[in-house]
Amino acid sequence: MSAVRHVLGRIASAAFLAVVGAFFALPMLWLASAPFDAAPSITVSVPEFTLANFRAILDNPYALGSIGNSVIQAGGAAAIVVVLAALAAYALSRVRVPGRDALLYVLLLLSSVVTGTAAMVPIFELATRLDLIDTHLGVILVVSGGLLPAAIFILKDFMDATPTSYEESARVFGASPLQILWHIVVPVVRPGLATIAVWAVASVWGGFLMQYILLRDPAKAPSAVILYTLYTEGGQPNLDLISTFSLLYSLPVVLMYLFVSGRYGFRFHGGIKQ
């Protein structure tokens, strides 16, 4: 009986995993097939092969340019977040500041509670006064400020996990704090920096609200905003254009994930790759 129960349990587990796998795989299969279908629907089916959907996207004056805008905004925000988070996390990890942990938790709590919707009006007012409306810089600064508290909190754990003996040796030979950070700490916590960079890029890449509020020129809008325009006047989704643009829109993030996953494997423990 125990052997039968074991076999039945294995069959039930395999069936459950198959259902869960299909639940996640079917949308990806639809995304891969619908752009090549002359008449895509919400169901997965054998496509009636055509490239007309891609030609229609190329005819859109803002579609491909919006992907470039997303690259600029996501890349700029990721660079700012990684650099500032690394400096702040290293300082908080090495310097004993009274109330340091409480400060980190407060920053993380405020960044979670005060969301983009709640801060929409003051951020728009501040951006207007600083003449940052309708600029890539305004979007980059706003989204970077929202990501920094969590990035510092995460990266501090990587910094705490790095040994200080190398830093002490470099300090004995006269290395400055910035030299120690660049030549000693950064190579060790590079997987953590890659994690923060991927997280920041993915967060900004899929962002909509702040970009929609701060940008008025469609030529500067990112892909998430342009995707919103691919609906009919009645509010119905234009599936052929939406599926095609979604495929193009997702490729840069997928390629970034494959590159970083192949480089670091996303197998981290503290700041040291396993």
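All heavy atoms count here, side chains included; hydrogens, waters and symmetry mates do not. Source: prediction; values computed, not measured.
Not counting sequence neighbours, Glu48 has no partner by the side chain to side chain donor-acceptor pair (under 3.5 Å) test. For Lys220, there are no salt bridge (Lys or Arg N to Asp or Glu O under 4.0 Å) partners at least two apart in sequence or on another chain. The side-chain contact (heavy atoms from CB on, under 4.5 Å) search around Ala221 returns Val225, Ile226, not counting sequence neighbours. Not a single side chain to side chain donor-acceptor pair (under 3.5 Å) links Ser144 to another residue, sequence neighbours left out. Remark: Ser176 pairs with Leu178, Gln179 by the side-chain contact (heavy atoms from CB on, under 4.5 Å) rule, at least two apart or across chains. Listed by chain and number, the residues in a salt bridge (Lys or Arg N to Asp or Glu O under 4.0 Å) with Arg171 amount to none (sequence neighbours excluded). Looking at residues two or more places apart in sequence or on another chain, you find no ring-ring contact (aromatic ring centres under 6.0 Å, His included) involving Tyr62. Contacts of Thr244 classified as side chain to side chain donor-acceptor pair (under 3.5 Å), with partners at least two apart in sequence or in another chain: none.
Looking only at distances, no side-chain donor or acceptor of Ser70 sits under 3.5 Å from a matching main-chain atom of Pro222. Side-chain atoms of Asn53 come within 3.5 Å of backbone N or O of Asp37 as a donor-acceptor pair. Between the Arg94 side chain and the Met159 main chain, a donor and an acceptor come within less than 3.5 Å of each other. Formation of a donor-acceptor pair under 3.5 Å by the Asp240 side chain with backbone atoms of Pro40 is not found in this model.
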Acceptor/donor pairs from residues 198-213 side chains to any protein atom, 3.5 angstrom cut, sequence neighbours excluded:
unit_1, atom_1, unit_2, atom_2, d
Ser203, OG, Trp199, O, 2.8
Trp205, NE1, Tyr249, O, 3.0
Gln211, NE2, Val204, O, 3.4

For residues 132-140, tabulate all N or O donor-acceptor pairs below 3.5 Å that involve a side-chain atom, not counting sequence neighbours.
unit_1, atom_1, unit_2, atom_2, d
Asp134, OD1, Arg216, N, 3.0
Asp134, OD1, Asp217, N, 2.9
Thr135, OG1, Leu132, O, 2.7
Thr135, OG1, Gly138, N, 3.1
His136, ND1, Gln73, NE2, 3.1

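Listed here is the closest heavy atom pair of Leu31 and Ser243: CD1-O, 3.8 Å.
Atom CH2 of residue Trp30 and atom CG of residue Leu247 lie 10.0 Å apart, to the nearest 0.5 angstrom. Atom CG of residue Leu251 and atom CD1 of residue Ile67 lie 8.0 Å apart, to the nearest 0.5 angstrom. Residue Ser223 holds its OG atom at 7.5 Å from CG of Asn69, rounded to the nearest 0.5 Å. Here the CG-CG distance, from Leu155 to Leu148, works out to 10.5 Å after rounding to the nearest 0.5 Å.
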Worked check of side-chain contact (heavy atoms from CB on, under 4.5 Å) between Thr50 and Phe36: CA-CA 5 Å; Thr50 181; Phe36 302 95; 5.9 Å; no
Working for side-chain contact (heavy atoms from CB on, under 4.5 Å), residues Leu141 and Ile80: CA-CA 8 Å; Leu141 292 178; Ile80 291 177; 4.3 Å; yes
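By the rule that hydrophobic residues join a cluster once side-chain heavy atoms approach within less than 4.5 Å of another member, Leu214 and Ile72 end up as members of separate clusters. Under the 4.5 Å side-chain heavy-atom criterion for ILVMFWY residues, a single connected hydrophobic cluster contains both Phe16 and Phe23. Hydrophobic cluster membership is shared by Ile242 and Leu58, with clusters built from Ile, Leu, Val, Met, Phe, Trp and Tyr side chains linked at under 4.5 angstrom.
Legend: salt bridge (Lys or Arg N to Asp or Glu O under 4.0 Å) pairs involving residues 194-205, not counting sequence neighbours: none detected. The salt bridge (Lys or Arg N to Asp or Glu O under 4.0 Å) contacts involving residues 144-156 comprise Lys156-Asp160, where partners must be two or more places apart or lie in separate chains.
With a 4.5 Å cut-off on side-chain heavy atoms, Tyr90 and Glu167 count as touching. Residues Ile154 and Ile196 meet the side-chain proximity criterion, which asks for heavy atoms closer than 4.5 Å.
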